[in-house]
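The structure appears right after this line, and notes come after that.
Small disclaimer: the values here were computed from a predicted structure and weren't measured. Numbering of ligands and ligand atoms starts at 1, following listing order.
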Amino acid sequence: MAPTNYIHRTIPTISLRDFPSRIDEITQQLVNAAENDGFFTVIDHEIAPETVTRMFEQSARFFSQSEDVKERVPFSPKHNAGWEKNKQIRPSTGAVDQKESYQMQFGDGMEGRWLPESTLPDFKTYSLDFMRQVQSVSEKLLTCLARGLGFEDDYLVKAHDVSRSESQTVCRLLHYFETEKKDNPTGEVFHRAGAHADWDTLTLLFQKPGEYGLEICPGREVSTEFGYGDAWTKVEPDPESNAIVCNIGDLLMSWSDDRFKSTFHRVKAPCEEGDFYGERYSIAFFNQPCRDALIQGPKKKYPVVTGEEFTKRAMERNYRAVQDKLKSTAP
Ligand SMILES: O=C(O)CCC(=O)C(=O)O
Ligand SMILES: [Fe+2]
């Protein structure tokens, strides 16, 4: 297989400093990034670097538990919460992602899916505190995006109210395994997380210094259905500026009548010169509308759907695409 085609793209950096007085300027920058890039980083967001480090420590603590323990909080597709390992198949690859993940929520979906305090003391408290802080940054971004679309300022914030039991927002801890560095005579490219677009509203991603691997292929430039084989750009962690990497998901794309671009991305498994072979941790915070939120863009390009229907359809579409891919690659 041909080596990955890498190209340079600039990823806009947006500062949230002095948010209340700079909201118009930030809105303009965000709308520009959402329309043209789909990916951007956010700095000066008020989440302390120590808070992020502490959450990564909690994540490592969780994943270091034995499989027997983690299996007590298994992933539930119905609730979109819990732990799973080497299970997620992407339509782009038809193969399982080489990783484990643990999805947490604020609402009902977590019932029975936290490990007991005696097993992992303080984990739940730390995690919920971190999630609330990321929610607060998300709300600033959602305010600007609503304003940019011509909605009331609080329209998207209300639709993503995590204090309601209907909340679907997910914080996903991710752990990719160390990969053996060996000859790759066939040049086969496999994946830690196969190419995909997120189906949420907006994703905020935390990476650890040095643990790179995230690559993007912005939506408008994608020439194959799932971005496989197109031109990629590496998004390296930036510990100096404590940057959060953000991307628009499918939901906001349709909620904006396709004005804002959902963007393909992946975590490539190392196989080429310059790739990262070590164990990798990341944290993705998926802003999802409440189950009963009504989704329709200002120009009404698509019929109204509820947050629950949108998520269900996205999961079904993904499932069908995986089945088709498996059929097409079956021997
Ligand atoms: O681990 C990462 O850097 C990205 C993960 C991701 O894209 C996802 O879980 O949707
Ligand atoms: Fe993603």
Review point. Donor-acceptor pair, Gln105 side chain versus His79 backbone, under 3.5 Å?
Key: yes
Review point. Among all protein non-hydrogen atoms, which one is nearest to atom 9 (O) of ligand 1, and what is the separation to 0.1 Å?
Key: Arg172 NH1, 2.9 Å
Check your understanding: With distance as the sole test, does Gln296 use its side chain to make a donor-acceptor pair with the main-chain N or O of Tyr302 at under 3.5 Å?
Key -> yes
Study note, to complete from the structure: Among non-hydrogen protein atoms, atom 10 (O) of ligand 1 lies closest to His196 NE2, 3.0 Å
Exercise for review: Among all protein heavy atoms, pick the one closest to atom 3 (O) of ligand 1 and tell me residue, atom and distance.
Suggested key: Arg280 NH2, 3.0 Å
Check your understanding: Against heavy atoms of Phe286, which atoms of ligand 1 measure under 4.0 Å?
Key -> 8 (C), 9 (O), 10 (O)
Review point. Just by distance, with hydrogens left out, do Gln65 and Thr119 show a side-chain donor and acceptor under 3.5 Å apart?
Key: no
Exercise for review: Mind checking whether Asp198 contacts ligand 1 via backbone (N, CA, C, O), side chain (CB onward), both or neither, at a 4.0 Å heavy-atom cut-off?
Suggested key: side chain
**Study point:** Heavy atom of Gln207, distance to ligand 1 below 4.0 Å
**Key:** no
Revision key, fill the gap. The protein heavy atom nearest to atom 5 (C) of ligand 1 is Tyr176 OH, 3.6 Å
Study note, to complete from the structure: Within 4.0 Å of some non-hydrogen atom of Val267, the atoms of ligand 1 are 1 (O), 2 (C), 3 (O), 4 (C)
Check your understanding: In a check of side chain to side chain contact (heavy atoms under 4.5 Å, CB included) between Phe286 and each of Leu251, Asn80, Asp198, Leu205, which one passes?
Key -> Asp198
Exercise for review: State whether Tyr102 and Lys70 meet the cation-pi test: NZ (Lys) or CZ (Arg) under 6.0 Å from the six-membered ring centroid, and within 45° of the perpendicular axis.
Suggested key: no
Revision key, fill the gap. Leu205 heavy atoms within 4.0 Å reach ligand 1 at atoms 2 (C), 3 (O), 4 (C)
Check your understanding: Looking at side-chain heavy atoms only, is the closest gap between Leu156 and Leu141 below 4.5 Å?
Key -> no
Check your understanding: For Phe177, does its backbone N or O pair with a side-chain atom of Arg192 as donor and acceptor, under 3.5 Å?
Key -> yes
**Study point:** Phe206 ring center within less than 6.0 Å of Phe130 ring center
**Key:** yes
Check your understanding: Counting only N and O atoms by type, is there a donor-acceptor contact under 3.5 Å from the side chain of Asp161 to the main-chain atoms of Ser163?
Key -> yes
**Study point:** Subset of ligand 1 atoms that lie under 4.0 Å from at least one heavy atom of His265
**Key:** 7 (O)
Check your understanding: Side chain, backbone, both or neither: which part of Ala193 has a heavy atom under 4.0 Å from ligand 1?
Key -> neither
Practice item. List every atom of ligand 1 that sits less than 4.0 Å from any heavy atom of Leu174, numbering the atoms from 1 in the order shown and giving each element. Key: 1 (O), 5 (C), 9 (O)
Study note, to complete from the structure: OD1 (Asp198) to the Fe ion (ligand 2) to NE2 (His196), nearest 10°, is 90°
